[in-house]
Protein chains: 2
Amino acid sequence: MGYEDEQKIFDEYVKKMGLKQSEQRRDILLVFLKTEKHLTADELHGIVKKKNPSIGAATVYRTLKLLRECGLCREFRLNDGTTRYEHLYGHDHHDHLVCTGCGALVEVLDHEIEKRQEKLAVQHGFTISSHKLEIYGTCAKCNN
Amino acid sequence: MGYEDEQKIFDEYVKKMGLKQSEQRRDILLVFLKTEKHLTADELHGIVKKKNPSIGAATVYRTLKLLRECGLCREFRLNDGTTRYEHLYGHDHHDHLVCTGCGALVEVLDHEIEKRQEKLAVQHGFTISSHKLEIYGTCAKCNN
DNA sequence: TTATCTGCAAAGCCTTTGCACTTAG
DNA sequence: CTAAGTGCAAAGGCTTTGCAGATAA
């Protein structure tokens, strides 16, 4: 319920590339979409295994790669060394506040910042494809 | 010639922590400071070995850790999976344009962006410790 | 049918760690 | 003298890859 668009995008990408669908890929996509958190590959694998215990880590990595390629998923590397994934479709672009205390991630957006990034790029002759802004600090809870 | 400040910072940090100086640490610091590029640990190791072939990779990693701790060095992880280091002292804070074509890194700064980041953090009860802005795209050369 | 997919285990990176020896202080 | 540093090699994480069997189209 509610992920028809994403599933369609994935299906079409798979078809376009001459690949095949599979139970595993569908399971991984659904779990990924359902989880409103920034997961590591390993965390995602852990949740997926509850639904389908035989799925291996390699399949999770391979599927995440496909999801990135078709624009449903974004990978980002944090300064703490972890690599996390979030879904993109149906989410506005945003940046992150990262709490170095408890690991909390808060999504934020400032249009002026976005515009000025574009401007910086243009000034240096760059054509932007994406960007990543992470603000590290401690959240209200961890400041106490 | 010119790195007295940095060496002093390092010396004092080492002393303060009850550690010792060494030929290797001095060599690594000097090469690191001399190189006006964002190096990987392995690249730094390669350059250091030209000066002192017996230095091992482990010592480079251990020294980079110290340099981060005393504020002379900043580590950042790019989306291409590499981890790079840049020196901080005597450099104003800046962000990066990253060319996904040739790997070029351009340092940029926009005070309004900086201010607005601070504002975003405050709005969410965060206390900023640092931040990381990377704008990915293709540079003028790679656009041709 | 047959090209793709899967799980597993092995292999690859990059980084850290344990150890015996060396060295700064 | 002795706590800390070093190089090496081994061990650790995380991710990718090779392979033989399974499966979608």
Side-chain angles (χ1 to χ4, degrees), chain A residues 7 10-29 31-32 38-70 73-85 103, chain B residues 7 10-32 38-70 73-85:
Chain A
Q7 290 173 328
F10 189 41
D11 278 351
E12 286 175 358
Y13 180 74
V14 163
K15 194 161 297 176
K16 191 182 78 182
M17 302 301 282
L19 307 176
K20 293 173 181 172
Q21 267 301 358
S22 74
E23 190 68 25
Q24 291 92 330
R25 285 179 180 172
R26 277 186 288 266
D27 286 347
I28 292 167
L29 174 58
V31 168
F32 178 61
H38 304 75
L39 298 170
T40 63
D42 189 55
E43 287 165 354
L44 177 57
H45 183 212
I47 303 175
V48 164
K49 272 198 295 191
K50 289 184 199 160
K51 176 167 189 170
N52 184 339
S54 70
I55 291 182
T59 300
V60 172
Y61 280 105
R62 289 188 274 232
T63 303
L64 281 170
K65 185 153 179 281
L66 291 179
L67 296 180
R68 267 177 280 149
E69 289 166 5
C70 68
C73 163
R74 174 189 183 196
E75 174 190 82
F76 57 105
R77 293 162 197 278
L78 296 177
N79 275 350
D80 67 4
T82 61
T83 299
R84 295 184 173 274
Y85 299 87
Chain B
Q7 290 173 326
F10 189 42
D11 278 352
E12 285 175 359
Y13 181 74
V14 163
K15 194 161 297 175
K16 190 182 78 181
M17 301 300 282
L19 309 176
K20 293 173 183 175
Q21 266 301 357
S22 75
E23 191 68 23
Q24 291 92 329
R25 287 179 178 173
R26 275 186 290 265
D27 286 348
I28 292 167
L29 175 59
L30 274 177
V31 168
F32 177 62
H38 303 77
L39 298 169
T40 62
D42 189 56
E43 288 165 354
L44 177 58
H45 183 212
I47 304 176
V48 164
K49 273 199 293 192
K50 289 185 199 160
K51 176 167 188 169
N52 185 338
S54 70
I55 291 181
T59 299
V60 172
Y61 280 104
R62 288 187 275 232
T63 303
L64 281 171
K65 183 154 180 280
L66 291 179
L67 296 180
R68 266 177 281 150
E69 289 166 4
C70 67
C73 164
R74 173 190 183 195
E75 173 189 80
F76 56 106
R77 296 163 196 276
L78 296 177
N79 275 350
D80 67 4
T82 61
T83 299
R84 296 184 172 275
Y85 299 87

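Lettering follows sequence order; numbering is per chain, from 1. In what follows, every heavy atom counts, from backbone to side chain, and hydrogens, waters and symmetry copies are set aside.
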Separation of [X] atom [atom1] from [N] atom [atom2], in whole Å?
X      : N       : atom1 : atom2 : answer
E43(A) : dG13(D) : CD    : C1'   : 15 Å
K15(A) : dT4(C)  : NZ    : P     : 16 Å
N52(B) : dT23(C) : CG    : P     : 12 Å
L66(A) : dT4(C)  : CG    : C1'   : 12 Å
K49(A) : dT6(C)  : NZ    : C1'   : 15 Å

Under 4.0 Å, heavy atom to any atom of DNA chain D: which of residues 18-27 of chain A qualify? K20(A), Q21(A)
Just the table, please: protein N/O against nucleotides 12-16 of chain C N/O, every pair under 3.5 Å.
| residue | atom | partner | partner atom | Å |
| --- | --- | --- | --- | --- |
| dT15(C) | OP2 | Y61(B) | OH | 2.2 |
| dT15(C) | O5' | Y61(B) | OH | 3.2 |

State, with a plain yes or no, whether a side-chain heavy atom of T63(B) is found less than 4.5 Å away from one of Q24(B). no
According to side-chain hydrogen bond (donor to acceptor under 3.5 Å, both in side chains), who are the partners of R77(A), at least two apart in sequence or on a separate chain? E75(A)
More than 12 heavy atoms of other groups within 6.0 Å of K51(A) NZ: yes
Closest non-hydrogen contact found for L66(A) with L19(A) is CD2-CD1, 3.8 Å
Indicate whether any N or O donor in one side chain lies under 3.5 Å from an N or O acceptor in the other, for D42(A) and T40(A). no
Of the options E43(B), R68(B), H38(B), R74(B), which is the one that meets Y85(B) in a side-chain contact (heavy atoms from CB on, under 4.5 Å)? R68(B)
Answer yes or no: is there a donor N or O on one side and an acceptor on the other, between the side chain of H45(A) and the main chain of Y61(A), under 3.5 Å? no
Return the CZ to CG distance between R25(A) and L64(A), rounded to the nearest 0.5 Å. 12.0 Å
Pick the closest DNA chain D nucleotide for P53(B) and for V14(B) by heavy atoms, then say which residue is nearer the 5' end. V14(B)
